[in-house]
There are 2 protein chains.
Amino acid sequence: MTILRSPAGIPDATVARLPLYLRALDELAASGTDVCSSEHLATAAGVNSAIVRKDLSHLGSYGTRGVGYDVRFLAGHIATVVGQTQPWPVVIVGAGHLGSALAAYQGFGARGVKVAAVVDADPALVGTVVGGHEVRSIDALTDVIEYGEVSLAIISTPPAAAQSVADALVAAGITSILNFAPTALQVPPHVDLRQVDVAAELQILGYHAHHRRQADPAEEAVLS
Amino acid sequence: MTILRSPAGIPDATVARLPLYLRALDELAASGTDVCSSEHLATAAGVNSAIVRKDLSHLGSYGTRGVGYDVRFLAGHIATVVGQTQPWPVVIVGAGHLGSALAAYQGFGARGVKVAAVVDADPALVGTVVGGHEVRSIDALTDVIEYGEVSLAIISTPPAAAQSVADALVAAGITSILNFAPTALQVPPHVDLRQVDVAAELQILGYHAHHRRQADPAEEAVLS
DNA sequence: GAGTGTGAACACTTTCACAGCC
DNA sequence: GGCTGTGAAAGTGTTCACACTC
């Protein structure tokens with residue numbers, strides 16, 4: 001029925017890179033590029049060209065051999081695949097430093113994300129405005145989600161509160177959660193959970209730095 | 001010469017999980033648990049037990065068959081492997097909403113991260129205090145890094161500024177960068193770069209949500 | 001009995017290399 | 001000639017299942 005074949009069964013690793021391609025293509029389009037090669041797109045997205053071609057082939061790609069990809073067309077196609085033809089409303093739970101920063105983040109609009117509401121448990125924060133959004137009570141969570149047809153949630157609470165927030169979100173019908181609190185959340189299997197742990201990222205960098213030190217005494221020597 | 005065998009060649013996937021184990025073990029220790037099984041640690045870290053055992057075996061693990069792992073001992077051992085015996089000083093470049101939130105984050109200390117300095121290019125921000133750190137000029141970057149022996153940097157600038165900041169960091173001797181700006185940074189091969197892209201994370205969640213809708217009409221039926 | 005440590009099977013991902021098309 | 005699209009190969013990561021130890 002649909003003209004574009006619905007590309008089911010895209011590998012996870014590919015899905016995780018589609019947003020990068022989308023971002024890169026938007027940049028290319030903004031800089032006036034109409035057509036780009038896989039090599040070109042690869043550097044713009046920070047990956048290598050073989051992987052770009054493989055990834056795009058999973059979408060039943062629409063490149064032209066000997067030429068490359070039509071930047072706008074490809075961007076539109078990926079946006080469709082990602083389901084980003086209209087913005088996803090997201091609720092931010094926790095209006096502390098991080099939650100406020102996210103609520104104020106200007107870059108969401110261009111990436112298909114719309115902050116639908118910001119809620120917090122702290123009565124002192126309820127009623128204040130962060131990033132143009134009035135903070136509402138966490139008790140209104142269900143209303144906010146149902147009324148706004150929200151299906152994505154961000155948890156930016158202290159770790160101790162994160163699990164009960166997750167439970168409340170799941171109870172309210174949320175099926176996709178992005179958790180910034182450094183805790184392993186327990187959610188039912190039908191809920192899609194992603195984790196961002198800044199301290200963990202730094203520790204991973206630390207590990208590599210630590211091992212460069214004791215493993216590469218030659219590194220300095222190369223320059224001398 | 002060292003008593004503990006230096007565990008070289010740990011797989012990347014394992015390294016990426018070590019911080020999670022560390023966090024989980026600290027929580028277990030705080031709740032008075034002295035010994036834990038791989039199953040126990042797995043749920044606390046949000047992974048499965050087979051992977052815990054495999055990961056720990058790469059460290060030349062020190063568990064006891066039939067019993068489990070000594071929580072404190074294992075935590076100490078992983079901390080050593082990660083190089084987290086003393087805190088890593090980190091410089092935050094960009095004191096906007098996100099940079100401020102990171103500077104103010106209370107959880108770094110317990111995870112072996114110490115904010116050494118916060119710098120920004122905006123003269124209006126220089127001199128202000130965020131999270132107890134006085135914002136310094138980006139011109140002082142080299143001084144800050146050399147004086148503080150900083151080897152980790154966080155970029156939390158607008159995307160347009162990120163590449164030149166990265167160049168400056170590399171020039172100042174930084175070899176590990178955590179980039180929050182949504183751009184693909186170009187860095188020399190000896191520099192370790194990790195990327196956090198919140199919008200991309202949400203888009204990945206969006207993709208799955210989008211496909212659940214059109215793929216699982218049965219999901220509702222299961223409950224009815 | 002309980003639970004680790006690990007080889008072997010499996011699954012997934014990336015890279016290679018080149019046929020096919022513009 | 002240049003670049004895509006893709007099988008086949010190589011590499012990496014996860015899961016299984018069970019011998020082994022306490």
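Quick caveat, the model's predicted, so the values are computed rather than measured. Here is how names work: the chains are called A, B, and so on, in the same order as the sequence lines, proteins then strands, and each is numbered from 1.
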Sorted by first residue and then second, give each salt bridge (charged side-chain N to carboxylate O under 4.0 Å, His left out) pair with at least one member in residues 182-196 of chain B; sequence neighbours left out.
A:Glu201-B:Arg194
Enumerate the residue pairs fulfilling salt bridge (charged side-chain N to carboxylate O under 4.0 Å, His left out) with a member in residues 26-46 of chain A, sequence neighbours excluded, ordered by first and then second residue.
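Non-adjacent pairs meeting salt bridge (charged side-chain N to carboxylate O under 4.0 Å, His left out): zero.
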Residues in side chain to side chain contact (heavy atoms under 4.5 Å, CB included) with [X], at least two apart?
X: B:Ala199; value: A:Phe108, A:Arg111, B:Asp197
X: B:Ala29; value: B:Val71, B:Arg72
X: A:Pro189; value: none
X: B:Val35; value: B:Val67

Using a 4.0 Å cut-off on protein heavy atoms (strictly under), produce a 5'-to-3' string for nucleotides 13-22 of chain C with B for base contact, S for backbone-only sugar-phosphate contact, and - for none.
SSB-B-BBBB
Could you list the residues that satisfy side-chain hydrogen bond (donor to acceptor under 3.5 Å, both in side chains) with B:Thr33, not counting sequence neighbours?
B:Ser31
Contacts of B:Ser38 that satisfy side-chain hydrogen bond (donor to acceptor under 3.5 Å, both in side chains) - sequence neighbours left out:
B:Arg53
Taking only distance into account, with no hydrogens and no angle test, what donor-acceptor pairs under 3.5 Å do side-chain atoms of residues 10-17 of chain B form with protein atoms, sequence neighbours excluded?
unit_1: B:Thr14; atom_1: OG1; unit_2: B:Asp55; atom_2: OD1; d: 2.7
unit_1: B:Arg17; atom_1: NE; unit_2: B:Asp55; atom_2: OD2; d: 2.6
unit_1: B:Arg17; atom_1: NH2; unit_2: B:Asp55; atom_2: OD1; d: 3.0
unit_1: B:Arg17; atom_1: NH2; unit_2: B:Asp55; atom_2: OD2; d: 3.3

Apply side-chain contact (heavy atoms from CB on, under 4.5 Å) to the pair B:Trp88 and B:Lys114, showing each step before the final yes or no.
CA-CA 6 Å; B:Trp88 287 97; B:Lys114 188 171 123 268; over 6 Å; no
Selection: residues 18-25 of chain A, any non-hydrogen atom under 4.0 Å of DNA chain C:
none
Give me the first and last nucleotide of DNA chain D, going 5' to 3', that has any atom under 4.0 Å from a heavy atom of chain A.
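So the outermost contacting nucleotides come out as D:dG2 to D:dA8.
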